[in-house]
Amino acid sequence: MNILMKSPKLLKLDLPFCYYLSTKIADNIKNLVEGNKVVVFMKGVPEQPRCGFSNAVVQIMRMHGVKYEAHDVLKDEELRQGIKEYSNWPTIPQVFINGEFVGGCDILLQMHQSGDLIEELKKAGINSALLDEKKEMVEDKK
Ligand SMILES: N[C@@H](CCC(=O)N[C@@H](CS)C(=O)NCC(=O)O)C(=O)O
Ligand code: FES
């Protein structure tokens with residue numbers, strides 16, 4: 001039998017305070033990540049990104065006409081480190097769709113160029129504005 005099952009008290013007594021703190025942070029981050037279909041953790045705000053990588057993600061989202069929730073990690077050091085641990089990804093920006101980590105700037109750019117981003121958004125029930133543009137171009141050619 002597992003030692004913790006034999007003595008559940010051990011579980012309560014032996015876990016350090018930082019364990020409870022880190023699970024609380026992870027819980028808070030989970031709530032943020034699941035707070036919207038598309039969530040972006042960035043440096044600065046969409047109106048004023050404070051890093052070129054975050055700016056690139058903002059531009060891509062704008063091209064696709066995607067509404068998203070943005071969180072400025074520069075305003076919250078705990079979030080800046082916590083989100084990296086949560087997604088197991090070392091840098092900012094970070095994009096989540098439907099609660100799942102999708103990638104940072106390079107991955108988003110690749111997905112934008114390949115058309116995968118349109119598909120990923122579609123899976124989340126979001127119609128990319130670029131999809132409409134594509135359709136219009138096809139209609140025009142008819
Ligand atoms: N290649 C990365 C570029 C992002 C990047 O390198 N971010 C750095 C500089 S902004 C970062 O977040 N460093 C850790 C930090 O600032 O906490 C991507 O695809 O997203
Ligand atoms: S803040 Fe310097 S590269 Fe992003």
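Just so you know, ligand 1 is whichever comes first in the structure, and atom 1 is the first atom listed for that ligand.
- Under a 4.0 Å criterion applied to the non-hydrogen atoms of Asp106, ligand 1 contributes the atoms 1 (N), 18 (C), 19 (O).
- Classified by interplanar angle (parallel below 30°, tilted 30° to 60°, perpendicular above 60°), the ring pair His64/His112 is perpendicular.
- Backbone and side-chain nitrogen or oxygen atoms of Phe53 are examined, and none is located within less than 3.5 angstrom of a nitrogen or oxygen of ligand 1.
- Both Val57 and Leu32 sit in one connected hydrophobic cluster of ILVMFWY residues. Membership requires side-chain heavy atoms under 4.5 Å apart, directly or through other members.
- No side-chain donor-acceptor contact under 3.5 Å links Ser128 to the backbone of Ile118.
- Looking at Trp89 next to ligand 1, no N or O pair under 3.5 Å apart turns up.
- Protein heavy atom in closest approach to atom 4 (Fe) of ligand 2: Cys51 SG, 2.3 Å.
- A side chain to side chain contact (heavy atoms under 4.5 Å, CB included) with Arg50 is found for one member of Val73, Asn55, Leu74 and no other, namely Leu74.
- More than 12 non-hydrogen atoms from other residues, nucleotides or ligands lie less than 6.0 angstrom from CG of Asp27.
- For atom 8 (C) of ligand 1, the closest non-hydrogen atom of the protein is Thr91 CG2, 3.8 Å.
- In summary, the atoms of ligand 1 found under 4.0 Å from a heavy atom of Cys51, numbered by their order in the structure, are 10 (S).
- For atom 16 (O) of ligand 1, the closest heavy atom belonging to the protein is Lys43 NZ, 2.5 Å.
- Without hydrogens or angle criteria, Lys37 side chain to Ile126 main chain gives no donor-acceptor distance under 3.5 Å.
- Some N or O of Cys105 is nearer than 3.5 Å to an N or O of ligand 1, by distance alone.
- For atom 4 (C) of ligand 1, the closest non-hydrogen atom of the protein is Ile92 O, 3.3 Å.
- The shortest N or O to N or O distance between Lys84 and ligand 1 is under 3.5 Å.
- Remark: side-chain polar atoms of Glu78 are not paired, donor with acceptor, to backbone N or O of Ile25 under 3.5 angstrom.
- Within 6.0 Å of atom CD in Gln48, 12 or fewer heavy atoms from other residues, nucleotides or ligands are found, so the atom counts as exposed in its surroundings.
- Of the protein's heavy atoms, none falls inside 4.0 Å of atom 2 (Fe) of ligand 2.
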